[in-house]
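Notes for the one structure printed next.
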There are 2 protein chains.
Amino acid sequence: MFKEQGMKLSTRSRYGVRMMSDLADHYDLVPIFLKDIAKREDVSEKYLSLIVISLRSAGLINSTRGAHGGYKLARRPEEITVKDILEALEGDICLVDCVSNPESCSRVSICPTRDIWGILGRKIGETLSSVTLADLASTRRKKAENNIRSNI
Amino acid sequence: MFKEQGMKLSTRSRYGVRMMSDLADHYDLVPIFLKDIAKREDVSEKYLSLIVISLRSAGLINSTRGAHGGYKLARRPEEITVKDILEALEGDICLVDCVSNPESCSRVSICPTRDIWGILGRKIGETLSSVTLADLASTRRKKAENNIRSNI
DNA sequence: ACCTTTCCTATCGATTCGATAGTAATTAAA
DNA sequence: TTTAATTACTATCGAATCGATAGGAAAGGT
Ligand code: FES
Ligand code: FES
């Protein structure tokens, strides 16, 4: 009992970032079918179709309905950070309520722990906003090259 | 539906760190009753008594049973970091399985997202290990002073 | 003996999580 | 104008997790 699996990123976020990175690899082209993304990333299309709603309503992607519809990034890959994606999927990155909303906790003026949750949240935000979809795309290309080389 | 409350620290961790910081304020004295900690921190004693088990079995605190029993820090406050506490309560800080266990994911060699989860996990670890219980205790003292001043 | 405290295990109800199902709306093409 | 393909939406499902409570067993001081 206790400590079954702590501090894990949700699959929603993992899938979401993978989907966005997949879209970044096809930036500039016709809209991409969710079906194809799901197949490439080996993820349930139905589940992705839920995740995609948050991404669209956050303004990160545009969608087209009907035949030849699909999804496209709303901005250039360099202009979308992993932080943008995670905020769209999980809400504001705030580890404890009383950091962003001091009234929610009566101990704010005496509690010594609140400060570090604030600091940690900020560090996480900094790290996440330092990585763009363009970075992910270039990482993918590099990995692909390495795989080819190691297969020779 | 979706995004009810994302990226929040568990109450287990919040309570645990508060309890340890309370213990740090009484380092060097007789063991402290859980009852008193629970009262000071305004937390269910029963619930704390579960949390405390993980802290003890991680070797962060010592316990004495029976009358005049209680809990004490196992090391000096300067030698216990918030990372120690969180690892005791939540397990290893690893955002996704395939970072610490590459076999768990078949896409490791091609997946562009894995790297940043590793980086982020490391950053979180660094931040958490940079704060000790001694720091928390001094923060508490500072806040207490400020409160006195602002009440004059 | 008696009281106090920690220790342990077993729950409870509510919420969240990952996932699936079914259907409506929209669009391109035949 | 029909048909096929695709996104949009809502409603679940079962399992896991979460915060919390309950009740007694073990240990130790008086
Ligand atoms: S947890 Fe809210 S102020 Fe300490
Ligand atoms: S999620 Fe495991 S390798 Fe990408």
Side-chain angles (χ1 to χ4, degrees), chain A residues 1-19 23 30-39 41-74 86 89-91 95-97, chain B residues 1-19 23 30-39 41-58 60-74 89-91 95-97:
Chain A
M1 184 261 177
F2 246 11
K3 202 197 326 187
E4 316 291 349
Q5 68 107 335
M7 287 230 112
K8 286 279 175 282
L9 200 67
S10 67
T11 26
R12 173 154 75 243
S13 291
R14 287 186 287 119
Y15 287 2
V17 174
R18 276 167 63 184
M19 173 179 180
L23 281 177
V30 292
I32 310 295
F33 300 150
L34 199 60
K35 186 179 27 171
D36 293 338
I37 302 178
K39 194 173 297 177
E41 299 292 331
D42 193 26
V43 160
S44 150
E45 177 185 353
K46 269 297 187 187
Y47 191 39
L48 258 196
S49 80
L50 296 187
I51 295 175
V52 99
I53 294 176
S54 305
L55 296 171
R56 179 175 46 85
S57 55
L60 298 180
I61 60 184
N62 296 324
S63 62
T64 321
R65 297 222 265 195
H68 299 92
Y71 298 97
K72 293 193 52 164
L73 293 186
L86 256 55
L89 297 175
E90 308 269 6
L95 275 346
V96 314
D97 283 333
Chain B
M1 183 259 179
F2 247 10
K3 201 195 326 186
E4 317 290 348
Q5 68 107 334
M7 286 230 116
K8 286 280 176 282
L9 199 66
S10 68
T11 28
R12 174 153 76 244
S13 291
R14 286 186 288 115
Y15 287 1
V17 174
R18 275 167 63 184
M19 171 177 180
L23 243 26
V30 293
I32 310 294
F33 299 151
L34 199 60
K35 188 181 21 171
D36 294 336
I37 302 177
K39 196 173 295 177
E41 299 292 331
D42 193 26
V43 161
S44 150
E45 177 186 351
K46 269 299 189 188
Y47 191 39
L48 259 197
S49 81
L50 296 186
I51 295 174
V52 98
I53 294 176
S54 305
L55 296 170
R56 180 175 47 84
S57 57
L60 298 180
I61 61 183
N62 295 325
S63 62
T64 320
R65 297 222 264 194
H68 300 91
Y71 298 96
K72 291 193 53 163
L73 293 187
L89 296 175
E90 309 270 5
L95 275 345
V96 315
D97 283 333

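Quick caveat: nothing in here was measured; it's all calculated off a predicted structure. Hydrogens, waters and symmetry mates are skipped; everything else that's a heavy atom, side chains included, is used.
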Q. In whole angstrom, what separates B:Leu89's CG from D:dC18's C1'?
A. 14 Å

Q: Write down the distance between NE2 (B:His68) and C1' (C:dC2), rounded to a whole number of angstrom.
A: 14 Å

Q.
Of the listed nucleotides (C:dT6, C:dT20, C:dA29), which one gets closest to any side-chain atom of A:Ser44?
A. C:dT20

Q.
Looking at B:Lys46 and D:dG19, is any side-chain donor or acceptor paired with a base atom of the opposite kind under 3.5 Å?
A. no

Q. Which nucleotide in the list D:dG28, D:dT21, C:dT27 gets nearest to the side chain of A:Ala67?
A. C:dT27

Q: Whole angstrom is fine here: how far is it from CG in B:Leu48 over to P in C:dT5?
A: 15 Å

Q: When you get a sec, tell me which of D:dT6, D:dC18, C:dA25 is the closest nucleotide to the side chain of B:Arg12?
A: D:dC18

Q) Which atoms form the tightest heavy-atom contact between A:Met19 and A:Leu48, and what is the distance? A) SD-CD2, 4.0 Å

Q: Send over the distance from B:Leu50 CG to C:dC8 C1', rounded to a whole Å.
A: 9 Å

**Q.** Atom of B:Val52, atom of B:Ser49 and distance for their closest heavy-atom approach
**A.** CG1-O, 3.5 Å

Q: Starting at atom CD1 of A:Ile53, determine the distance to atom C1' of D:dT10, rounded to an integer number of angstrom.
A: 9 Å

Q) Does B:Tyr47 put a side-chain nitrogen or oxygen below 4.0 Å from OP1 or OP2 of D:dA22? A) no

Q. If you look at every strand shown and take non-hydrogen atoms under 4.0 Å, does B:Arg56 touch a base, only sugar-phosphate, or nothing?
A. sugar-phosphate

**Q.** Shortest non-hydrogen contact between A:Glu90 and A:Arg12, atoms and distance
**A.** OE1-NH2, 4.2 Å

Q) So which heavy atom on B:Thr64 is nearest to which on B:Pro31, and how close? A) OG1-CG, 3.9 Å

Q | Euclidean distance, atom CD of residue A:Glu45 to atom C1' of C:dG22 [Å, nearest integer] | A | 14 Å

(Q) Rounded to whole Å, how long is the line connecting atom CD1 of A:Ile32 with atom C1' of D:dT7? (A) 15 Å

**Q.** Separation of atom CZ in B:Phe33 from atom P in C:dC3, rounded to whole Å
**A.** 17 Å

**Q.** 5' priority, DNA chain C, between A:Thr64 and A:Tyr15 [closest heavy atom]
**A.** A:Tyr15

Q: Please state whether the phosphate of C:dC7, meaning OP1 or OP2, lies under 4.0 angstrom from any side-chain nitrogen or oxygen of B:Ser63.
A: yes

Q. Out of D:dC9, C:dG18, D:dT30, which nucleotide sits closest to the side chain of A:Ser10?
A. C:dG18

Q: Would you please confirm or rule out a distance under 4.0 Å between OP1 or OP2 of C:dT5 and any side-chain N or O of B:Tyr71?
A: no

Q: For residues A:Asp97 and B:Lys8, report the shortest heavy-atom separation together with the two atoms involved.
A: OD1-CE, 2.9 Å

(Q) I want to check one thing: is the phosphate of D:dA5, taken as OP1 and OP2, less than 4.0 Å away from some side-chain N or O of A:Lys35? (A) no

